[in-house]
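Computed over heavy atoms, backbone and side chain alike; hydrogens, waters and symmetry mates excluded. Here is the naming used below: chain letters follow the sequence lines, and residue numbers restart at 1 for every chain.
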2 protein chains.
Amino acid sequence: MLELRHLRTLLTLREAGSLVEASERLHLTQSALSHQLKDLEQRLGTSLFVRKTKPIRFTTAGLRLLRLGDNVLPQVRQAERDLQRLSGGQAGRLHMAIECHSCFQWLMPTIDQFRNAWPEVEVDFASGFFFAPLPALARGELDLVVTSDPQDIPGLSYVPLFTYEAMLAIGNQHRLTERNHIEPQDLAGETLICYPVERNRLDIFTQFLEPAGVEPADVRNAELTIMMMQLVASGRGVCCLPSWAITEYLQRGYVSARPLGRDGLFGTLYAAVREDMLDMSYLQDFLLTAKDISFATLEGVTAKTVG
Amino acid sequence: MLELRHLRTLLTLREAGSLVEASERLHLTQSALSHQLKDLEQRLGTSLFVRKTKPIRFTTAGLRLLRLGDNVLPQVRQAERDLQRLSGGQAGRLHMAIECHSCFQWLMPTIDQFRNAWPEVEVDFASGFFFAPLPALARGELDLVVTSDPQDIPGLSYVPLFTYEAMLAIGNQHRLTERNHIEPQDLAGETLICYPVERNRLDIFTQFLEPAGVEPADVRNAELTIMMMQLVASGRGVCCLPSWAITEYLQRGYVSARPLGRDGLFGTLYAAVREDMLDMSYLQDFLLTAKDISFATLEGVTAKTVG
DNA sequence: GACAAATAATGAATCAAACTCATCATGTTA
DNA sequence: TAACATGATGAGTTTGATTCATTATTTGTC
């Protein structure tokens, strides 16, 4: 019923001040506008402007529609621009979020390098999401989510970035430093420090402790890796982290680390994207860059931490 | 090009999950939707959704348009509702602002009474505007402005509410208490306390001092009537106010007041409204109520202050 | 893997609307 | 009052949105 065409007409009319002038700007005839506005007024049951004045003056109803147009049309234009960029392929948007709590080391260089290669792409990065990032990705509010546990949401595709080893970080004086790998039973008397997320999204529970039926003595939360490291270093507990997240602290001798189980505990980090974005060139490039950089980082790390 | 119709279709399609279902909800045929969407996709140069899945899944471009629709369509509906109320006449909106700094005494009872009589009308009241209220009124952001100096803005109409006498408030010990009216020259040595607005919008300057070529010794600002009264009572200056604004303080003996000039200085308070709202019944009623109540208030006041 | 049921796409025909053209009515300016 | 500008109007044309009938695809079931 009411259409954007009408709002465009009204806004133009306000700027033009007369039907004749407005019709020229819209590449229509004066007659077309006269008819269009008359029809609209008829359907709405109100007059929208006073024709006898010069420049034209709007009624309260007309002003209300002008306000609507002022709010709505810029949004529409923005959306149209976004679509153009989408279909163009060169430019575009890459709004990211990370679900894993310690990806900064390899993600930041990736983003830097990507920004240089694709300056036209609008990159945005959000960490510390309150809302679930994967549904937001499906809704189109995000374009890429780094996560270690894929959920089956239609339309989403998970590209594996790399496999990492989860290791147990322990204080340098800790009794477990004598072992060269950790068994589930070893953690029965320990305080385990975790990121504040549900248990069933932590590999150490789902892959290691629960299969063996072991429960740690206590579970504490910490939001930042550095806080975990401080707690671990001071002997207040142990924590399970990807090896690359601990490297820095290992190198400085703050803490020690041991593999979980005889064969180690491995997880995979994925980039979740919408299926239909998979063939966009800039996204492909981002994924390749991410793999390259994270692989390079990871290589060094495993050598250091396993040795 | 892109029209609201398209957004409505897409939102319905998301809820329905298939073209068939969506076409029923929209009271169209499946074919119509298929054509409409195909055309739209062609014109935008992107596909908007994947047809092969069940329920239908949207592409990034489609999701972008859905977001647009989620933002835009509620606003459109709201505007349409507002227009309906406008053309109906029973319900409506009355957003007010006051330019005069001390109308509360008579305006509040007016609003109360009006609210009872027209519960369907959405009344809003803003004082202390930073932006100019009269242009906002012309733009349709406000519906009524109480002001004492009408500006000639096309489309605005000024309905006189009442005429008031501006009087000079002075401390009880002030030398001018001996006069029974004030001449311009009397203010040459005085500190004049005013509301913080431009001089040319204050009657005491434009109507009284400037014609006589007199300038007060000092001009101070105060935002609230009660602050002015305290300054006046403690002999720090004098101020010019509508008689009804001073009554309360006169009755309690805090200050004295004298007419300005032999014949007094009178001003008129207007309700500014948009011309085309003048014939709305609820507005007419508001204006009548305002006149009644302010007249009643004013009657009492003049008797008291002049005597 | 074949068949039925459901869903979407397509082409031609129809219909409605939006637009143009020509003209008239009104108001403004010189 | 003539000349001009602006807006309204009615008839005719064009566009494009919709329907109808049909075909192609996909999905689910035995």
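Atom CG of L13(B) is separated from atom P of dT7(C) by 13 Å (rounded to the nearest Å). E3(B) places its CD atom 12 Å from the C1' atom of dA18(C), with the value rounded to the nearest Å. Rounded to a whole Å, the CG atom of L33(A) is 13 Å from the C1' atom of dT6(D). Atom CG of L37(A) is separated from atom P of dA18(C) by 12 Å (rounded to the nearest Å). Computed from coordinates, the H27(B) NE2 to dA17(D) C1' distance equals 17 Å when rounded to whole Å. The CD-P distance, from E21(B) to dA5(C), rounds to 20 Å in whole Å. Following rounding to the nearest Å, R57(A) (CZ) and dG7(D) (P) show an atom-to-atom distance of 14 Å. Regarding E24(B), its CD atom lies at a distance of 13 Å from the P atom of dT19(D), rounded to whole Å.
Comparing dC19(C), dT7(C), dA9(C) by their nearest atom to the side chain of R5(A) picks out dC19(C). In this structure, the nucleotide among dA8(D), dT18(D), dT10(C) sitting nearest to the side chain of A32(B) is dT18(D). For K38(A), the side-chain atoms get nearest to dT9(D) when compared with the rest of dT10(C), dA17(C), dT9(D). The Q36(B) side chain lies nearest to dT18(D) when the options are dA8(D), dT18(D), dT10(C).
In terms of phosphate contacts, S34(B) brings a side-chain nitrogen or oxygen within less than 4.0 Å of OP1 or OP2 of dA9(C). Between R43(B) and dA17(D) there is a side-chain polar atom (N or O) within less than 4.0 angstrom of OP1 or OP2. At dT26(D), none of the side-chain N or O atoms of R51(B) fall inside 4.0 Å of OP1 or OP2 (strictly under the cut-off).
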Intermediate values then yes/no, salt bridge (charged side-chain N to carboxylate O under 4.0 Å, His left out), E80(A) and R43(B): CA-CA 11 Å; E80(A) 284 174 333; R43(B) 279 192 277 191; over 6 Å; no

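Contact of H35(B) with dG11(C) (side chain to base): a donor-acceptor pair of N or O atoms is detected under 3.5 Å. Counting distance only, with no hydrogens placed and no angle test, the side-chain atoms of S31(A) and the base atoms of dT9(D) include a donor-acceptor pair under 3.5 Å.
Between R57(B) and E275(A) there is a salt bridge, since a side-chain N of the basic residue sits under 4.0 Å from a carboxylate O of the acidic one. Looking at R85(A) and E120(A), no side-chain N of the basic residue comes within less than 4.0 Å of a carboxylate O on the acidic one, giving no salt bridge. Salt bridge absent: R139(B) and D70(A) never bring a charged side-chain N and a carboxylate O closer than 4.0 Å.
Remark on DNA chain D: of its neighbouring residues D39(B) and Q30(B), the 5'-side contact belongs to D39(B), judged by nearest-heavy-atom nucleotide. Remark on DNA chain D: of its neighbouring residues H6(B) and I56(A), the 5'-side contact belongs to I56(A), judged by nearest-heavy-atom nucleotide.
Counting any heavy atom pair closer than 4.0 Å across all strands shown, L40(B) reaches no nucleic acid atom.
In this structure, F49(A) and F58(A) have tilted ring planes: the angle between them lies in the 30° to 60° band.
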